[in-house]
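Heavy-atom basis, side chains included; hydrogens, waters and symmetry copies ignored.
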There are 2 protein chains.
Amino acid sequence: MRFFARGTGRVELDVVKVGDCVKLMNDLPEGSVDMIFADPPYNLQLAGDLVRPDHSKVDAVDDDWDKFDSFKIYDRFTREWLRAARRILKDNGTLWVIGSYHNIFRVGTSLQDLDYWILNDVIWRKSNPMPNFRGRRFTNAHETMIWAVKDKDARYTFNYEAMKALNDDLQMRSDWLIPICTGHERLRDDEGEKAHPTQKPEALLHRIILSSTKPGEVVLDPFFGSGTTGAVARRLGRHFIGLEREDTYARLARKRVSKVKPVDDVNLVDTPSKREQPRIPFGWLVERGLLEPGTMLYGPGRRFNAKVRADGTLITRDFKGSIHQVGAHVQGAPACNGWQFWNINVEGKLMPIDVLRQKLRSEMN
Amino acid sequence: MRFFARGTGRVELDVVKVGDCVKLMNDLPEGSVDMIFADPPYNLQLAGDLVRPDHSKVDAVDDDWDKFDSFKIYDRFTREWLRAARRILKDNGTLWVIGSYHNIFRVGTSLQDLDYWILNDVIWRKSNPMPNFRGRRFTNAHETMIWAVKDKDARYTFNYEAMKALNDDLQMRSDWLIPICTGHERLRDDEGEKAHPTQKPEALLHRIILSSTKPGEVVLDPFFGSGTTGAVARRLGRHFIGLEREDTYARLARKRVSKVKPVDDVNLVDTPSKREQPRIPFGWLVERGLLEPGTMLYGPGRRFNAKVRADGTLITRDFKGSIHQVGAHVQGAPACNGWQFWNINVEGKLMPIDVLRQKLRSEMN
DNA sequence: GACTTTTGTGAATCATAGG
DNA sequence: GCCTATGATTCACAAAAGT
């Protein structure tokens, strides 16, 4: 099923289009998307092979799409797609760009020169980065994202309460600790090799989309790649438009996105309330994919149940709040430790959600 | 007491000079400093006052020195001081610059345009940042530093072992958690107000100077401010040159630095690298009688073996060559560090031949 | 089946002395 | 400047393999 955005002519939604992203953006009506997430080529300029101490070869990015002859050419490319993005972005929409020190300074400068107004730079701290094999530099353990609006006075969306709930009731900071994409989440080709060299983790897009869009809004990704943006947008009840140069990746992404089940209830992904959270915020279980939004939780003996929302709160028929508050409410008790009260259904058996917390804790040390 | 750097004419060391940093740098001889740390104005572009939830006023940076009329003017200023810095920096010296999203993209772009080669971008994560009072953005909890050399092929200093030791024997990452400067460390004026609006913590400079300079080298800071760079350089047995536009700050910094006692023992501030230890050819072990010709060497788990020849080569059934070549050959690997691969049999146990090298090294000292 | 050990790998601007 | 020989160097996590 295809959707068309209202009030902007006919803009096909939830599709992956193949072609040059600047041309494809120029075909869209002015002010037709609410948010843009862009993961442009990083222009790595690598020389020669890198070998690990055990003599295995590092499978680095050496694709043609990452090759530029000079900074001048990279700058021209950057300004072109940023200008096209600016036109199709609504006046109160926001733009996210991710990059590394190879390209992010060019991107930031271009943004400012094109009169975008930077709201934050946000650091993705990788919990499991590739080490520096030669011992000649600091381990490159982060990437930088820039969050910007079209104009200094734009009235953009920032779901402050959702971000606070996701961070143990503390303001969300500009440094985010999130693992790189590995394991089941990493898409593989028929030979079992990584299908895309730079697939981003869903947890990263979860936080980005939840922070700066509302349900039903349109997220565009001009460098769609493996389609992480589309998969997360769909799961969170947002629409997406994916633009991708290579047909192989576009097909891969379409297949991936089609498997994602959107949350059926908009309340699960809408503006959350300000609530108390445990020390490991419950929302992190959702963000990190240990729990899907919409998962049913059960009280002891299945006498009670509640549904998980994307921001880490629960909802029942007549009440919503933290795992503790909802647990207390359904029992009519003054207080409740939600971590011990709530369970998930695993092959017919109940398992306390605290097990998931412990799992996450051990993963994060 | 004043020092003068050797071999560069008369360069006065451990002094704070007052004036325009570009002019002062142009007065110094070419290639006269080993490292530059720069904390330039951030060009914050603040509008109006910021008020806390309790209605107290935030004491923000609103000094004249942080005012620029446009990005164009800021870029010109940046390129001027970066060009002057490049001239006085030794070919194998490195440059550190710190900034926030307001200016760091301009700085990074200018660096690349002036042919500096970026080694890392390093994130200073503040453990105690100022919160975002308005709840309209992510808490601005970090600043960005860029570490660069003059040329891609420069042979710069990186004290890998010192950094690893400082990080619990794990490689030092590109994200550093360090508190902002408060308490006793924060310089106060006679009224008890902070004496400088952007005083950097000594812990930050400690890590920077320790990572990329050797004892006795010269660190220059073109925006000296409260003199953190000088204080830490002096304590770590390095020389400094401070340049500062405002006489008030220069006087403050001189007073601060003069109170610092340098470490008396150079061994306390120098972590020698394995790379810098004298090279010991394997044959010397045979020559000096630590290994007899004919001794059998074993690979890990005794899966391989080879015999020592009198000239310091090894021989197996079908191949002979250096410890590295034979190690690579028996494994079918492209390369091998023979010092770590080969072992001798000592009372039934395997002992790496590297132990013998260390023994010989200590005997030669 | 539970537990331990080994192996694989990820956006990386990753060496240097001496002939 | 180029080529060759030597030799310095890895963290977190997951999956597979082994006990």
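The phosphate of dG10(C) (OP1 or OP2) has no side-chain N or O of R52(A) nearer than 4.0 angstrom. Note on Q325(B): a side-chain N or O is less than 4.0 Å away from OP1 or OP2 of dT6(D). In terms of phosphate contacts, N337(B) brings a side-chain nitrogen or oxygen within less than 4.0 Å of OP1 or OP2 of dA8(D). For the OP1/OP2 pair of dG10(C) and a distance below 4.0 Å, the side-chain nitrogens and oxygens of K194(A) include at least one atom meeting the criterion. Listed pair T139(A) / dC11(D) fails the phosphate criterion, with no side-chain N or O lying under 4.0 Å from OP1 or OP2. Within the 4.0 Å cut-off from OP1 or OP2 of dT10(D), at least one side-chain nitrogen or oxygen of Y160(B) is found.
Counting any heavy atom pair closer than 4.0 Å across all strands shown, D59(A) reaches sugar-phosphate atoms only and no base atom. Using a 4.0 Å heavy-atom criterion, one finds that T198(A) contacts the bases of the nucleic acid, with or without backbone contacts as well. L46(A) comes within 4.0 angstrom of a base, heavy atoms only. Residue D39(A) is classed as a base contact, given a heavy-atom separation below 4.0 Å to a base. Across all strands, G192(A) comes closer than 4.0 Å to no nucleic acid atom at all (heavy-atom distances). At the heavy-atom level, L119(B) lies nowhere under 4.0 Å from the strands shown. The residue D49(A) sits close to a base: some heavy atom pair falls under 4.0 Å. Backbone-only contact: W339(B) has heavy atoms under 4.0 Å from sugar-phosphate atoms and none from a base. Across all strands, P201(A) comes closer than 4.0 Å to no nucleic acid atom at all (heavy-atom distances). Across all strands, K57(A) comes closer than 4.0 Å to no nucleic acid atom at all (heavy-atom distances).
A side-chain donor from one of S100(A) and H102(A) sits under 3.5 Å from a side-chain acceptor of the other.
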Start with the C-alpha distance between H142(B) and D175(B), add both sets of side-chain angles, then the distance that settles side-chain hydrogen bond (donor to acceptor under 3.5 Å, both in side chains), and finish with yes or no. CA-CA 9 Å; H142(B) 74 275; D175(B) 53 331; over 6 Å; no
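For the side-chain contact (heavy atoms from CB on, under 4.5 Å) criterion with K307(B), the lone passing option out of I315(B), T316(B), L314(B), T313(B) is I315(B). With E202(A) as the fixed residue, the salt bridge (Lys or Arg N to Asp or Glu O under 4.0 Å) test singles out one of R256(A), R207(A), R288(A): R256(A). Of the options N103(A), I146(A), L204(A), V122(A), a side-chain contact (heavy atoms from CB on, under 4.5 Å) to I98(A) is made by L204(A) and by none of the others.
Within the shown strands, dT16(C) is the pairing partner of dA5(D) under the Watson-Crick or G-U definition, both distances less than 3.5 Å. For dT10(D), there is no paired base (Watson-Crick or G-U wobble, both distances below 3.5 Å). Pairing for dA2(C) is with dT19(D), a Watson-Crick or G-U wobble pair whose two hydrogen-bonding atom distances lie under 3.5 Å. Pair assignment for dA11(C): none, as no Watson-Crick or G-U wobble contacts are both less than 3.5 Å.
For W65(A), the listed nucleotide lying nearest its side chain is dA11(C); candidates were dT9(D), dA11(C), dA14(D). Distance from the side chain of L50(A) is smallest to dA12(C) among dA8(D), dA12(C), dT9(D). Residue Q171(B) has its side chain nearest to dC11(D) when only dC14(C), dA8(D), dC11(D) are considered. Nearest nucleotide to the E143(A) side chain, out of dA11(C), dA12(C), dA8(D): dA11(C). Of the listed nucleotides (dT16(C), dT9(D), dA12(C)), dT16(C) has the atom at the smallest distance from the side chain of R155(B). Comparing dA12(D), dA12(C), dT6(D) against the side chain of S322(B) picks out dT6(D) as the nearest. Of the candidate nucleotides dC14(C), dA11(C), dG7(D), dC14(C) has the atom lying nearest to any side-chain atom of N132(A). Closest contact between the side chain of H324(B) and the listed nucleotides dT16(C), dT9(D), dG7(D) involves dG7(D).
Between the P atom of dA12(D) and the CG atom of N140(A) lies a distance of 16 Å, rounded to the nearest Å. At whole-Å resolution of the value, CZ in R288(A) and P in dC13(D) are 9 Å apart. The CG atom of D153(B) sits 13 Å away from the C1' atom of dC2(D) (whole-angstrom rounding). Rounding to whole angstrom units, NE2 of residue H196(A) and P of dT9(C) are separated by 19 Å. One interatomic measurement links the two molecules: CZ of R186(A) to C1' of dA14(D), which rounds to 13 Å at whole-angstrom precision. The nearest whole Å value for the distance from the CD atom in Q340(B) to the P atom in dG7(D) is 11 Å. Between the P atom of dT6(D) and the CZ atom of F341(B) lies a distance of 17 Å, rounded to the nearest Å. In this entry the distance linking CD1 of I180(A) with P of dA12(C) reads 8 Å, nearest Å.
Taking 4.5 Å as the limit, every side-chain heavy atom of M35(B) sits out of range of all side-chain heavy atoms of T157(B). With contacts defined as side-chain heavy-atom distances shorter than 4.5 Å, the pair Q171(B)/Y160(B) qualifies.
Less than 6.0 angstrom separates the ring centroid of W147(B) from the ring centroid of Y156(B).
The gap from the C1' atom of dA15(D) to that of dA11(C) amounts to 23 Å, rounded to the nearest Å. Only the C1' atoms considered, dC14(C) is 15 Å distant from dG10(C), to the nearest whole Å. The gap from the P atom of dA5(D) to that of dA12(C) amounts to 31 Å, rounded to the nearest Å. dA8(D) and dG8(C) are spaced 22 Å apart, taking the C1' atom of each and rounding to whole Å.
Between P129(A) and H184(A), the residue anchored closer to the 5' end of DNA chain D is P129(A), taking for each the nucleotide with the nearest heavy atom. Taking for each of R188(A) and Q45(A) the nucleotide of DNA chain C with the nearest heavy atom, the 5'-most of the two is the partner of R188(A). Nucleotides of DNA chain C nearest to E193(A) and R137(A) differ in position, and the one nearer the 5' end is that of E193(A).
The local environment of NZ in K255(A) is sparse, with at most 12 non-hydrogen atoms from other residues, nucleotides or ligands closer than 6.0 Å.
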